[in-house]
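A short worksheet on the structure shown next.
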Amino acid sequence: MTTKTNLPVDQQAVEAFSQKNGEPGWLSSLRLDALAKADDLPLPKPDKTKITKWNFTQFAKHTVDSDIYSSLEDMPESIKSLIDVETQQNLYVQRNNTPAFLTLSEELKEQGVIFMDLLTAAKEYPELVEKYFMTEAVKVDEHKLTALHAALVNGGAFLYVPKNVEIAEPIQAVYVHDDTDATLFNHVLVVADDNSSVTYVESYLATDAVQESVVNIVSEVIAKQNARVVYGAVDNLSAGTTTYVNRRGTAGRDSRIEWALGMMNDGNTISENITKLIGDNSYGDTKMVVVGRGNQKQNFTTNITHWGKNSEGYILKHGVMKDAASSIFNGIGKIEYGATKANAEQESRVLMLSEKARGDANPILLIDEDDVTAGHAASVGRVDPMQLYYLMSRGISQHEAERLVIHGFLAPVVTKLPIEGVKRLLSEVIERKVQ
Amino acid sequence: MASTLVIKDLHVEIEGKEILKGVNLELDSGKIHVIMGPNGTGKSTLASAIMGHPKFEVTKGEVLLNGENVLEMEVDERALAGLFLAMQYPSEITGVTNADFLRSAINARREEGQEISLMKFIKELDKNMDFLEMDQNMAQRYLNEGFSGGEKKRNEILQMMMIKPEFGILDEIDSGLDIDALKVVSKGINQMRSEDFGCLIITHYQRLLNYIEPDFVHVMMQGRIVKSGGFELARRLETEGYDWIKQELGIEDETVGQEA
Ligand SMILES: Nc1ncnc2c1ncn2[C@@H]1O[C@H](COP(=O)(O)OP(=O)(O)OP(=O)(O)O)[C@@H](O)[C@H]1O
Ligand SMILES: [Mg+2]
């Protein structure tokens, strides 16, 4: 039976895609089940941004084929510059929907670390992937975009760190969007087993070739007991791309999840970042920077929800808005009943560089437990004229003084990114965007 | 090269209120001038107006640096022309390290392509920080952020030593300093002292002048310079206070907004 949908991909196409990939049965049925739901489920409702007219579902092609990179030398400079070429031994590069390059050090392989593209992982490690793929952090049927994502997932990476394995050097992924027909349903699944530790850093990179397109990203981080995951990301998708990006983590007892997110897309973007502090003594930290320009509309919802006793959650967001860009920053600290001695702190700061720009910081604390501490600070303002005066009184031009203040404003997050190349990328993108 | 900074009949308003009511003062390189005066008499206003603080409006008068009217210049142009103001309350700037800031300030004085090399810059910075007995990690800290009162003052002097202006205006550089810091800051100022450097020091305390011997001392009241003299004037103020000047000039309330 084939039901008619309003989606550009029907049941047959999904079945065929799954078959072509040689996917295990559970994944095919998960896809079909999700597809059936996607039609009826409503869009998500990001607070204060109306997205009913945004295009998340209409696109030309579900997948495209791209050439792979046979070596690091084969990659364009824009990718190479992101990679600390001499030292980086753990790297996945994806070009549109094609796994284009992969390397993982022998040492990590021997320790049982798994790092590869998601769809291959689903075949090679079906139990592991099935156990965590959209089961804990993000559920298939939350809304239309999660369901669509599950049905159409066509790229992404799987990273598994076994018990007691602590990885010092960062694991890196680069997702290149250089074909305007490519639609990314990218899924990253990071599982850090008990007492393990890992740093994963990704960059989404678009070239000028990309006009209108749709990107739907879901990242899931599962930090089991006493695990530590540092997750860095720089999103830099094109002006014509409408992006839904959902990055979630669940932290078990004594675990830590730290996010450092550079949200540099030029197109309309809905970003949802949620950390669920489930275990006692768990710790969540979200640092995010945003630069909005042109006419783009964006919504950044960051949420840390506490179930664990003694859990700590910190949100720090800094946004710079120029031109006629408009961004909503929703920060939610939620403490459930029973999460005694939890601490929820958040800070949102928005710097406005033009009259037409709009920035809204909405700090929200939802607390169902008495024995907790919580706090928030939010501000929307302009570059402080006293700071400019001070810098200029040393001979620095107004333009350079503004540049320093803006970079300084974003520095607390930029400096947190654990890979030099990615940090440099973020600085350069910021530089370019705020000019 | 000898330079001059001439302030002529300077009138300054803030938010419609006249604060300076005709200040006249001539500074020459090689000389140190001191301005003293009770609180709220317009000393910081004078310093700010010379540097171009955005809130202060000059309604009359001139400030000539080597004959050029700096009042027509932007703040950064005044700095490049040779003025430096150590502020009473320096701004804090998150995310900008002291070192990056100083390098920008130095490079602003150089042509594109002629920027100071990192090696040379660091050497110069290390040397001056050592001289001012500043902890080396202050270079990598964000500009003035979380600096103690005394550290901020030292940092102002560090900037002056790195930038090497023609004229330094130091607004209460000695306030809030312990005795050791006072010595260090004075050492910095004395180090700058030369035929090519002129200085205007605003202070409430003669104790600074025990370390830096001034050539001229001026007293400000009601937004004007009401008395000028040599070092002996500062000594007399220290022992006798300002009352005798007020009596001499028939001033009842010395703050601005009052007329003599
Ligand atoms: N930003 C401002 N807004 C309003 N009034 C101001 C402002 N700055 C200065 N004033 C006023 O101008 C007058 C002179 O202030 P100024 O700071 O120049 O005094 P000062 O001589 O430096 O005093 P102190 O010794 O306390 O530093 C004061 O009455 C002060 O309140
Ligand atoms: Mg003052």
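Every chain is numbered from 1, with letters handed out A, B, ... down the list of sequences.
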* **Region of B/P165 in contact with chain A, defined by heavy-atom distances below 4.5 Å** => neither
* Asked: For B/N107, is it the side chain, the backbone, both or neither that has a heavy atom under 4.5 Å from a heavy atom of chain A?
  -> neither
* Based on non-hydrogen pairs under 4.5 Å, which of B/Q159, B/H53, B/M51 is most in contact with chain A? -> B/H53
* To do: Decide side chain to side chain contact (heavy atoms under 4.5 Å, CB included) for A/M392 and B/E77; before the verdict, give the C-alpha distance in whole Å, the side-chain angles of both, and the deciding distance to 0.1 Å.
  => CA-CA 8 Å; A/M392 288 173 72; B/E77 293 168 340; over 6 Å; no
* To do: Might you confirm whether atom CD of A/Q435 has over 12 heavy atoms from other residues, nucleotides or ligands at distances under 6.0 Å?
  => yes
* Asked: Is the count of non-hydrogen atoms from other residues, nucleotides or ligands lying under 6.0 Å from B/E26 atom CD greater than 12?
  -> no
* Asked: Which atoms of B/R109 come close to chain A, meaning under 4.5 Å heavy atom to heavy atom: side chain ones, backbone ones, both, or neither?
  -> side chain
* Taking atom CD of B/Q136 as the centre, report whether more than 12 heavy atoms of other residues, nucleotides or ligands fall under 6.0 Å from it. => yes
* Determine whether more than 12 heavy atoms belonging to other residues, nucleotides or ligands lie under 6.0 Å from atom NZ of B/K8. => no
* **Contact winner vs chain B - A/S393, A/A401, A/P385, heavy-atom pairs under 4.5 Å** => A/S393
* To do: Output the option from B/A81, B/A105, B/A108 having the highest count of non-hydrogen pairs under 4.5 Å with chain A.
  => B/A105
* Going through the distances and angles, do A/Y389 and B/K55 end up as a side chain to side chain contact (heavy atoms under 4.5 Å, CB included)? -> CA-CA 10 Å; A/Y389 166 61; B/K55 280 206 173 154; over 6 Å; no
* Asked: What part of B/I163 is in contact with chain A, defined as an atom under 4.5 angstrom from a non-hydrogen atom: side chain, backbone, both or neither?
  -> side chain
* Out of curiosity, B/T94 OG1 to A/L410 CG, how far, rounded to the nearest 0.5 Å? -> 11.5 Å
* Asked: Quick one: what part of B/L143 sits under 4.5 Å from any heavy atom of chain A, side chain, backbone, both or neither?
  -> side chain
* Exam field: side chain A/R394 to backbone B/L85, donor-acceptor pair closer than 3.5 Å -> yes
* To do: Could you tell me the separation between the CG atom of A/L404 and the OG atom of B/S104, rounded to the nearest 0.5 Å?
  => 4.5 Å
* Could you tell me whether B/Q88 atom CD has more than 12 heavy atoms of other residues or ligands within 6.0 Å of it? => yes
* Criterion side chain to side chain contact (heavy atoms under 4.5 Å, CB included) on A/L391 and B/I93, from CA distance to verdict -> CA-CA 9 Å; A/L391 294 172; B/I93 299 173; 3.6 Å; yes
* Structure fact -> One option among B/D100, B/L83, B/V96 has the most heavy-atom pairs under 4.5 Å with chain A, and it is B/V96
* Can you say whether A/Q387 sits under 4.5 Å from chain B via the side chain, the backbone, both, or neither, judging by heavy atoms? -> both
